[in-house]
Asker: 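The structure is given below, and queries will be raised subsequently.
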Amino acid sequence: MTQRSRAELAAGIDKGRHAESSGVASTRSGGWVGIAANPASGRGKGRVAVARLADELERLGVETRIAWTLVGRRELVDASTVPGDCRCLVAAGGDGTVAALINERPSVPIAVVPSGTENLFARHFDFKREPRRAAHRIVQGRSAWLDLGLAGDRRFALMAGFGFDADVVSRHHAARVGHSGLPRTTHRAAYVEPVLRSSFGYRFPLLTMKVEGSDGREETLAGTTAFVFNLPRYALGLPFAPRARGDDGWLDLVVFREPGAFRALHYLWLVVRGLHLDRPGIEHRKVRRVSIESAASVPVQLDGDPGGSVEPGSSTPWTIEVLPRAVEVVTMGVRSGRKGVAAH
């Protein structure tokens with residue numbers, strides 16, 4: 001890659017041979033790796049990381065194709081379906097970028113170069129920010145299957161949240177979306193105001209959940225805040241579902257029964273101490289499917305982004321279900337059904 005093209009990529013500008021009408025940049029011909037990049041993630045550092053990753057992969061003899069737009073990302077995923085042509089697709093950004101790529105339903109393994117705020121998916125799979133390490137992992141690594149959750153027509157890798165947590169997420173998202181309609185970069189301190197506003201403003205409507213449990217029987221649970229975890233990851237390292245696994249064919253449902261901001265703070269303190277799963281008023285189930293209804297509007301978040309709302313009187317309740325072995329993730333030294341990303 002030339003000095004000019006590196007600078008263009010770092011600046012988020014696609015020109016000359018690096019540009020197509022879709023916003024996809026390509027370095028050279030041959031077997032390739034696709035990079036779905038979020039130019040707004042990481043306060044500009046993400047753009048530099050993309051340029052460095054492309055350089056490192058080219059140095060290892062691997063073509064890269066870079067998408068900076070939604071249309072370009074879609075084209076990357078479409079092109080990756082050609083058998084034996086694409087090694088993997090890389091989400092360059094935060095958890096929102098990972099979620100967006102997963103929802104394109106890729107048929108090849110995925111990897112991550114993190115540049116977001118929490119980077120929960122990247123942390124779980126030990127993806128580092130260093131592009132050189134990422135390039136070697138892509139070329140030398142293997143792949144392992146990961147379950148996903150399905151909420152309506154949207155997939156999630158981490159968790160779905162209903163109630164107070166989702167209200168905080170919705171307020172934070174509204175505050176960070178600028179006049180352009182695109183979200184600005186964020187940081188952990190930006191959640192302070194949404195948490196305070198939700199604490200005083202959220203009314204904690206009751207949720208009713210019909211659960212298909214591990215014994216095959218259906219039961220009904222009730223609560224005011226609920227989470228459905230695929231992976232045991234949440235912001236600030238809070239261990240809401242520490243035993244959740246992304247490869248067991250199950251989702252972990254955690255329900256907090258009582259309403260109110262003070263009760264929510266008490267629940268949070270129990271979570272911090274790792275005591276919540278054994279306390280009255282908190283339910284934990286391994287589930288394959290759960291349907292959720294409410295007599296009042298309840299916000300929903302999926303992988304840390306607003307996901308809509310549970311609305312009263314809806315003819316179809318919100319349904320969350322597990323999708324076993326739905327996507328492959330680039331790993332190091334993990335046995336899987338695929339011999340290796342390098343050999344893909």
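Note: hydrogens, waters and symmetry copies are ignored here, and every other heavy atom, side chains too, is used.
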Asker: Looking at side-chain heavy atoms only, is the closest gap between L76 and R65 below 4.5 Å?
Answerer: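 The answer is yes; the side chains approach within 4.5 Å.
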
Asker: Please identify each residue that fulfils salt bridge (charged side-chain N to carboxylate O under 4.0 Å, His left out) with E130, with sequence neighbours left out.
Answerer: R52

Asker: Just by distance, with hydrogens left out, do D85 and W32 show a side-chain donor and acceptor under 3.5 Å apart?
Answerer: yes

Asker: Can R217 and E219 be counted as an ion pair, charged N to O under 4.0 angstrom?
Answerer: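 Looking at E219 together with R217, the answer is no, because their closest N to O distance does not fall below 4.0 Å.
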
Asker: Counting N and O atoms only, with roles assigned by atom type, does the side chain of R105 sit under 3.5 Å from a partner on the main chain of N103, one being a donor and the other an acceptor?
Answerer: yes

Asker: Quick check against the 3.5 Å criterion: does D247 have a side-chain atom that pairs as donor or acceptor with the backbone of D147?
Answerer: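 Pair absent, no side-chain N/O of D247 close to backbone of D147.
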
Asker: Do S297 and E311 have a side chain donor and acceptor closer than 3.5 Å?
Answerer: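 The criterion, which ignores hydrogens and geometry beyond distance, is satisfied for E311 and S297.
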
Asker: Step through the shown structure and confirm whether more than 12 heavy atoms of other residues, nucleotides or ligands are within 6.0 Å of CZ on R243.
Answerer: no

Asker: Flag yes if V98 and V77 sit in one hydrophobic cluster, no otherwise; membership is Ile, Leu, Val, Met, Phe, Trp, Tyr, and two members link when side-chain heavy atoms are under 4.5 Å apart.
Answerer: yes

Asker: Check whether D167 reaches the backbone of G163 with its side chain - one donor and one acceptor, N or O, closer than 3.5 Å.
Answerer: no

Asker: With distance as the sole test, does S294 use its side chain to make a donor-acceptor pair with the main-chain N or O of L206 at under 3.5 Å?
Answerer: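 It does hold such a pair.
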
Asker: Please answer whether the main-chain N or O of F240 pairs with a side-chain N or O of H276 as donor and acceptor at a distance below 3.5 Å.
Answerer: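 Pair found, side chain donor or acceptor close to backbone of F240.
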
Asker: Would R233 and F121 count as a cation-pi pair here, with the cationic atom under 6.0 angstrom from the ring centre and within 45° of the axis?
Answerer: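 Relative to the ring axis of F121, which defines the angle, R233 lies outside at least one limit.
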
Asker: I'd like to know if R73 pairs up with E104 as an ion pair, taking the criterion as any Lys NZ or Arg NE/NH1/NH2 lying under 4.0 Å from an Asp or Glu carboxylate oxygen.
Answerer: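 Salt bridge flag = yes for E104 with R73.
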
Asker: Inspect the surroundings of CZ in R133 and state if more than 12 heavy atoms from other residues, nucleotides or ligands are less than 6.0 Å away.
Answerer: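 Result for CZ/R133: open.
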
Asker: Side chain of T224, backbone of E258: donor and acceptor closer than 3.5 Å?
Answerer: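 Judged by distance alone, yes, a pair lies under 3.5 Å.
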
Asker: Tell me whether M209 is reachable from V287 by hopping between hydrophobic residues (I, L, V, M, F, W, Y) whose side-chain heavy atoms are closer than 4.5 Å.
Answerer: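 Yes, V287 connects to M209 through the hydrophobic network.
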
Asker: Less than 4.5 Å apart, side chain to side chain, heavy atoms only: is that true for S314 and E293?
Answerer: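 When only atoms from C-beta onward are counted, E293 and S314 do not touch, as no gap falls below 4.5 Å.
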
Asker: Tell me whether D55 is salt-bridged to R59, with the criterion being a basic N under 4.0 Å from an acidic carboxylate O.
Answerer: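 No.
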
Asker: Measure the shortest side-chain to side-chain distance between I138 and V62 over non-hydrogen atoms and say whether it is less than 4.5 angstrom.
Answerer: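 No; the side chains remain at least 4.5 Å from each other.
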
Asker: Does the separation of the ring centres of Y234 and F227 fall below 6.0 angstrom?
Answerer: yes

Asker: A side-chain contact here means heavy atoms from C-beta on lying under 4.5 Å apart; do P317 and I292 qualify?
Answerer: no

Asker: Quick test of your reading of the model: are E283 and R285 salt-bridged, counting only N-O distances below 4.0 Å?
Answerer: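 So E283 pairs with R285 through a salt bridge.
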
Asker: Which donor-acceptor pairs under 3.5 Å do side chains of residues 148-159 form with protein atoms, sequence neighbours excluded?
Answerer:
{"residue": "R154", "atom": "NH1", "partner": "P306", "partner atom": "O", "Å": "3.4"}

Asker: State plainly whether one hydrophobic cluster holds both L221 and W250, where clusters connect Ile, Leu, Val, Met, Phe, Trp and Tyr through side-chain heavy atoms under 4.5 angstrom apart.
Answerer: no

Asker: Treating W68 as the side-chain partner and A36 as the backbone partner, does any N or O pair qualify as donor plus acceptor under 3.5 Å?
Answerer: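 Not at all, since once roles are kept as given, no pair shorter than 3.5 Å links the two residues.
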
Asker: Is it true that D252 and K286 make a salt bridge, defined as a side-chain N closer than 4.0 Å to a carboxylate O?
Answerer: yes

Asker: Given F125, which of V330, L120, L146, I110 fulfils the side chain to side chain contact (heavy atoms under 4.5 Å, CB included) condition?
Answerer: L146

Asker: Measuring only between side-chain heavy atoms, which start at C-beta, is T220 closer than 4.5 Å to V211?
Answerer: no

Asker: Would a 4.5 Å heavy-atom cut-off, applied to side chains only, mark P242 and L277 as touching?
Answerer: yes

